[in-house]
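Scroll down for the structure; my scribbles are underneath it.
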2 protein chains.
Amino acid sequence: MKVLPALSALGDESRLQLVIKLCRNGPQSIARLTEGAGISRQGVTKHLHALHEAGLVRRERSGREQIWRLEPKRLDEVRRYLAQISQQWDDALERLKAAVEKEH
Amino acid sequence: MKVLPALSALGDESRLQLVIKLCRNGPQSIARLTEGAGISRQGVTKHLHALHEAGLVRRERSGREQIWRLEPKRLDEVRRYLAQISQQWDDALERLKAAVEKEH
DNA sequence: TTGACATGCAACTGGGGGGTTGCATTATGT
DNA sequence: ACATAATGCAACCCCCCAGTTGCATGTCAA
């Protein structure tokens with residue numbers, strides 16, 4: 001359950017923008033991802049590698065190009081993890097409420 | 001929709017641990033949050049302020065203590081945001097598939 | 001009142017990572 | 001074959017931030 005690296009990766013604005021772009025326009029090359037990104041191509045490459053380390057994207061060679069695509073699995077893991085956290089919070093509040101009422 | 005600061009805040013291990021501890025054991029003081037955290041009390045304080053900036057926690061004075069509690073709203077916002085992203089990804093794949101089939 | 005506990009404030013440090021530039025490599029197409 | 005396009009690799013800079021230490025402030029309890 002390596003959700004921490006994923007959260008850390010998504011916590012950077014440039015990387016979040018890359019993920020969004022991949023979501024909106026589907027799999028694409030580094031060159032296309034760099035367009036309008038506001039940072040250099042190498043910067044984009046570094047971020048893509050970071051996203052890869054976090055298990056959020058995958059790459060496929062296609063001739064001289066390199067096509068990157070999202071890995072929605074890891075994204076879902078993060079979602080479920082956050083849901084689980086929220087649930088624990090609700091449970092804790094319930095226990096506290098019960099404990100207070102018991103004292104009367 | 002300021003989900004980026006929240007993601008960034010959750011992307012740090014110490015801060016994620018704090019959130020988890022708050023979820024499991026309910027609202028608590030800085031001193032209690034510092035126990036077993038592996039970092040100094042001031043370190044914990046800084047992280048709590050970061051979480052506050054991100055809208056993830058709230059504080060309430062209680063005598064000489066300061067009780068911090070989770071703000072589950074922002075957590076839900078993040079969850080919904082990620083869900084929305086995933087949806088866009090699915091839509092994009094659907095469009096691509098349709099486009100490919102049209103070419104035949 | 002006085003000591004002990006809980007927190008606040010300020011200054012400092014080190015390392016990591018975001019971003020860049022320059023050059024090398026490989027593939028495409030005409 | 002050759003010019004161009006897409007990418008890889010490596011070194012470099014610099015700023016931000018996690019974490020610390022030291023001291024000041026405030027509050028509880030005897």
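Order of the sequence lines fixes the chain letters, A, B, ..., with proteins taken first and strands second; residue numbering starts at 1 for each chain.
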I need the [atom1]-[atom2] distance between [X] and [N], as an integer number of Å.
X	N	atom1	atom2	value
E53(A)	dG17(C)	CD	P	11 Å
E13(A)	dG17(C)	CD	C1'	16 Å
I39(B)	dG14(C)	CD1	P	19 Å
L4(B)	dG18(C)	CG	C1'	14 Å
R41(A)	dC23(C)	CZ	P	14 Å
L16(A)	dG18(C)	CG	C1'	16 Å

message: At 10 degrees resolution, what angle do the end axes of the helix from dT1(C)-dA30(D) to dT30(C)-dA1(D) form when each is taken over five base pairs?
response: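 Comparing the axis at each end, I get an angle of 30°.
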
Within the distance-only criterion (no hydrogens, no angle test), does the side chain of [X] pair as donor or acceptor with the backbone N or O of [Y] below 3.5 angstrom?
X	Y	value
K21(B)	L33(B)	yes
R74(A)	A54(A)	yes
S8(A)	L4(A)	no
Q28(B)	G26(B)	yes
R15(B)	L51(B)	no
S62(B)	E65(B)	no

- prompt: Toward the 5' end of DNA chain D, which comes first, S62(B) or S40(B), by nearest nucleotide?
  reply: S40(B)

- prompt: If two hydrophobic side chains count as joined below 4.5 Å and joins carry through other members, does V19(B) share a cluster with L93(A)?
  reply: yes

- prompt: Do L18(A) and I67(A) belong to the same hydrophobic cluster, where Ile, Leu, Val, Met, Phe, Trp and Tyr are linked whenever their side-chain heavy atoms lie under 4.5 Å apart, directly or via other members?
  reply: no

message: Counting only heavy atoms not in R24(A) (residues, nucleotides, ligands), do more than 12 fall under 6.0 Å from its CZ?
response: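 No, CZ of R24(A) has 12 or fewer neighbouring heavy atoms, counting only those of other groups under 6.0 Å.
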
query: Given dA27(C), is OP1 or OP2 found less than 4.0 Å from the side-chain N or O atoms of R61(A)?
result: no

field: Side-chain N or O of Q42(A) closer than 4.0 Å to phosphate OP1/OP2 of dG18(C)
entry: no

Leading and trailing nucleotides of DNA chain D with any atom under 4.0 Å from heavy atoms of chain B: dA18(D) to dC28(D)

message: The side chain of K46(A) is closest to which nucleotide in this list: dA27(C), dA6(C), dG19(C)?
response: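 For the K46(A) side chain, the nearest candidate turns out to be dG19(C).
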
field: Lys/Arg-Asp/Glu bridge criterion (N-O < 4.0 Å) met for D76(A), R79(A)
entry: yes

field: Atom of L16(B), atom of L10(B) and distance for their closest heavy-atom approach
entry: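 Distance-wise, the nearest heavy atoms are CB-O, 3.8 Å.
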
- request: Starting from the 5' end of DNA chain C, give me the residue, A50(A) or G63(A), whose nearest nucleotide shows up first.
  value: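 The residue whose closest nucleotide sits nearer the 5' end is A50(A).
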
- request: Give, ordered by number, those residues of residues 17-36 of chain A having at least one heavy-atom distance below 4.0 Å to an atom of DNA chain C; if nothing qualifies, reply none.
  value: none

